[in-house]
Every structure is written in structure tokens, then in C-alpha cells.
Protein chains: 2
Amino acid sequence: MENLSKELIGASSIPIILSILSKNESYGYEIIQRIKELSEGKINYADGTLYPVLHKLEKKELIEAYWKVAETGRRRKYYRIKSKGKKELAREQENWITINTIISKLWNIEPRLT
Amino acid sequence: MENLSKELIGASSIPIILSILSKNESYGYEIIQRIKELSEGKINYADGTLYPVLHKLEKKELIEAYWKVAETGRRRKYYRIKSKGKKELAREQENWITINTIISKLWNIEPRLT
DNA sequence: TGTTATACTTAGAACTTCTATGTATATTGA
DNA sequence: TCAATATACATAGAAGTTCTAAGTATAACA
């Protein structure tokens with residue numbers, strides 16, 4: 001994955017995926033494209049990396065899946081966020097803000113993620 | 001570790017430690033206290049968690065260590081950042097800003113870590 | 001009709017992290 | 001004075017996670 005550290009990508013993947021799904025239902029392949037687009041190409045998940053994350057989130061009941069056949073005739077597994085997932089997302093947002101505050105203090109930058 | 005997710009703590013620990021050392025030389029025990037203080041108690045590294053991280057950074061030549069006997073008579077292993085560590089810190093800061101930008105877009109918040 | 005893009009799955013290799021345990025000494029306070 | 005606590009560091013390996021690599025399948029396109 002390009003230049004971004006694996007740790008940061010790992011730490012951000014769940015909040016990012018939950019955020020995407022909190023706006024619209026989506027499916028694996030589209031989520032990968034969306035993240036690539038949002039990051040301007042800096043984060044490029046391999047499919048084999050993202051799908052297991054989706055399965056994990058599903059197992060934890062943060063999201064749920066159903067199969068749908070697209071107009072194209074191709075079948076896709078759509079995911080939607082569950083209420084447990086929304087709560088988790090809120091928690092993740094708080095965490096992110098906390099860490100950002102600490103880092104901002106150290107770097108002498110005013111935090112804005114508040 | 002309290003409520004903060006392990007992933008986030010993991011992703012932030014190296015930039016945080018390098019930042020602390022970029023201001024002053026310090027030693028393990030003090031770094032733990034400093035992080036606890038900065039995070040208002042939210043991040044409380046176990047010593048067995050932090051020391052291996054310091055060893056790893058030393059091995060990668062981002063920091064270097066030397067023993068010193070404090071006024072108290074107690075011996076401490078002080079760490080100071082090396083130029084390679086400063087470069088790494090700069091890279092980590094950029095990464096952090098990149099991820100923050102993505103997250104800000106998703107959360108409709110204006111990023112300030114820029 | 002061959003190649004590329006779309007779409008998903010999963011075993012297990014590879015890696016990381018933290019727990020648990022150990023050592024040692026200074027300080028505090030009962 | 002001596003027990004408890006705080007300071008200070010080290011590390012084996014348990015426990016966990018993540019990603020690579022390989023596989024299946026079909027639509028679109030040239």
C-alpha cells in the first residue's frame with residue numbers, strides 16, 4: 001500500500017468503512033473504489049484485504065449483508081450498517097478526536113476534529 | 001488500555017514517542033508518565049508494552065540510548081532521537097495529515113491538521 | 001474470443017503486540 | 001526498621017491480527 005503506514009491504515013479502516021456505509025449501502029468492490037477515490041489513490045485496498053474486514057464487521061454485527069443482482073446482471077453482496085455499527089462508529093469518532101487532541105498538543109497545532 | 005482502541009493506540013504510539021523525544025531526551029518510565037499526562041489518563045502504557053517499542057525504534061536506528069545515573073542514584077536508560085528518527089517523524093506527520101483529511105471529508109469536518 | 005474489469009472467498013503465512021514474569025533499588029510512612 | 005510502594009528496565013512466548021496468494025465466476029470490451 002503506497003507510502004501510508006500499515007498501522008495508520010489499519011487503525012482507520014474500520015471507521016472509514018463504517019462511515020461510508022453510514023451514508024449508503026454498498027458492496028466490497030465499490031467500497032474499495034470509494035476509498036481509493038477519497039484518498040486520491042493513496043489507499044488502495046487489495047480485495048483480499050478488504051473482504052475479510054467486512055466479514056469481521058458482519059460477525060460482530062456492526063453491519064449486515066444481503067445479495068442483490070445489479071442491473072448489469074452481476075450479483076453483489078451489499079452491506080448496510082446496523083445500529084450497533086452506528087454506535088461503534090460514534091465511539092471510533094470520539095477516539096479519533098482524543099488521539100488528535102494529544103497529537104495536536106505535541107505538534108503545536110490546533111486540533112479541529114472536535 | 002481504558003477505552004481507546006488498540007489499533008489507534010498502536011498507530012499513534014510511534015509518532016507520539018518520536019515527538020516526545022524530538023523535544024527532550026527521556027527514558028522509558030518518564031515517557032509512560034508523559035503520555036498518561038498528555039492523554040489525561042486515557043492512554044496508560046504498561047511498561048512491558050512500551051519498552052519493546054523503544055527497543056524496536058533503537059534497532060531501526062531512529063533513536064539511540066545511553067545509560068545515565070540520575071541525581072537520585074537510580075540508573076536510567078535515556079533515549080535521544082537520531083536524524084533518521086526525525087525524518088521518520090516528518091513522514092508520520094504527513095501520513096497523519098493524509099488520513100485526517102480523508103476522515104474529515106467523510107465526517108464533514110474541516111481538517112485543521114494541515 | 002481473448003483480455004480486462006468486476007465481484008467475492010478463504011487458508012494459512014507472516015507479522016505484531018502485549019501479558020506475565022523477572023530483576024533491582026529508592027522512597028515513604030507506619 | 002522494615003514493609004509497601006514507586007521507580008526502572010528486560011524479555012520469552014502466548015495470543016492475536018492482517019494480508020498474500022490462490023481460487024472461482026461472469027460481464028464488458030476490443
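Since the model is a prediction, treat every value here as computed from it, not as a measurement. Residue numbers start from 1 in every chain, and the chains themselves are labelled A, B, ... in the order their sequence lines are given, proteins ahead of strands.
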| task | Please lay out, stage by stage, how A/Ile102 and B/Ile43 fare under the test side-chain contact (heavy atoms from CB on, under 4.5 Å). | result | CA-CA 10 Å; A/Ile102 296 166; B/Ile43 302 180; 3.9 Å; yes
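With DNA chain C read from its 5' end, the first of the two nearest nucleotides for A/Thr72 and A/Pro52 is the one closest to A/Thr72.
Although no hydrogens or angles enter the test, the distance criterion places no donor-acceptor pair under 3.5 Å between the side chain of B/Lys42 and the main chain of A/Thr98. Within the 3.5 Å criterion, the main-chain N or O of B/Lys60 finds a donor-acceptor partner in the side chain of B/Lys84.
Counting to the nearest Å, the C1' atom of C/dC18 and the CD1 atom of B/Ile43 are 16 Å from each other. For the pair A/Arg75 CZ and C/dA5 P, the interatomic distance rounds to 22 Å; values are reported in whole Å. In this structure, A/Lys36 places its NZ atom 10 Å from P of C/dA5, rounding to the nearest Å. What separates CG of A/Asp47 from P of D/dT18 is a distance of 17 Å, to the nearest Å. Straight-line distance from the CD1 atom of B/Ile9 to the P atom of D/dT17: 15 Å, rounded to whole Å. Atom CD in A/Gln33 sits roughly 14 Å away from atom C1' in C/dC8 (whole-Å rounding). Counting to the nearest Å, the P atom of C/dT16 and the NZ atom of A/Lys6 are 8 Å from each other. Per the geometry, CD belonging to A/Glu30 stands 18 Å off P belonging to C/dA5, to the nearest Å.
Contact annotation: A/Tyr51 side-chain N/O to C/dT9 OP1/OP2 distance is not under 4.0 Å. For the pair B/Tyr27 and D/dC9, the criterion of a side-chain N or O lying under 4.0 Å from OP1 or OP2 is not met. At the phosphate of D/dC9, neither OP1 nor OP2 sits under 4.0 Å from any side-chain N or O atom of B/Tyr29. OP1 or OP2 of C/dT9 sits under 4.0 Å from a side-chain N or O of A/Lys77. Note on B/Lys56: every side-chain N or O is 4.0 Å or more away from OP1 and OP2 of C/dT16.
Annotation: B/Arg80, atom CZ; neighbour count of heavy atoms from other residues, nucleotides and ligands within 6.0 Å is above 12.
Checking D/dA10, C/dA26, C/dA7 against every side-chain atom of B/Arg74, the shortest atom distance belongs to C/dA26. The side chain of A/His55 sits closest to C/dT9 out of C/dC18, C/dT9, D/dC9. Nearest nucleotide to the A/Thr49 side chain, out of C/dC8, D/dC19, C/dT19: D/dC19. The side chain of A/Arg76 lies closest to C/dC8, out of C/dC8, C/dC18, D/dA8. When distances run from any side-chain atom of A/Tyr79 to the nucleotides C/dT9, D/dA28, D/dT20, the shortest one goes to C/dT9.
In this structure, A/Ser19 OG and A/Glu92 CD are separated by 9.0 Å, a value rounded to the nearest 0.5 Å. Rounded to the nearest 0.5 Å, atoms NZ (A/Lys56) and CD1 (A/Ile17) are 9.0 Å apart.
When heavy atoms are screened at a 4.0 angstrom cut-off, A/Gly28 is found touching the sugar-phosphate backbone but no base atom. Residue B/Lys68 is out of contact with every strand shown, counting any heavy-atom pair closer than 4.0 Å.
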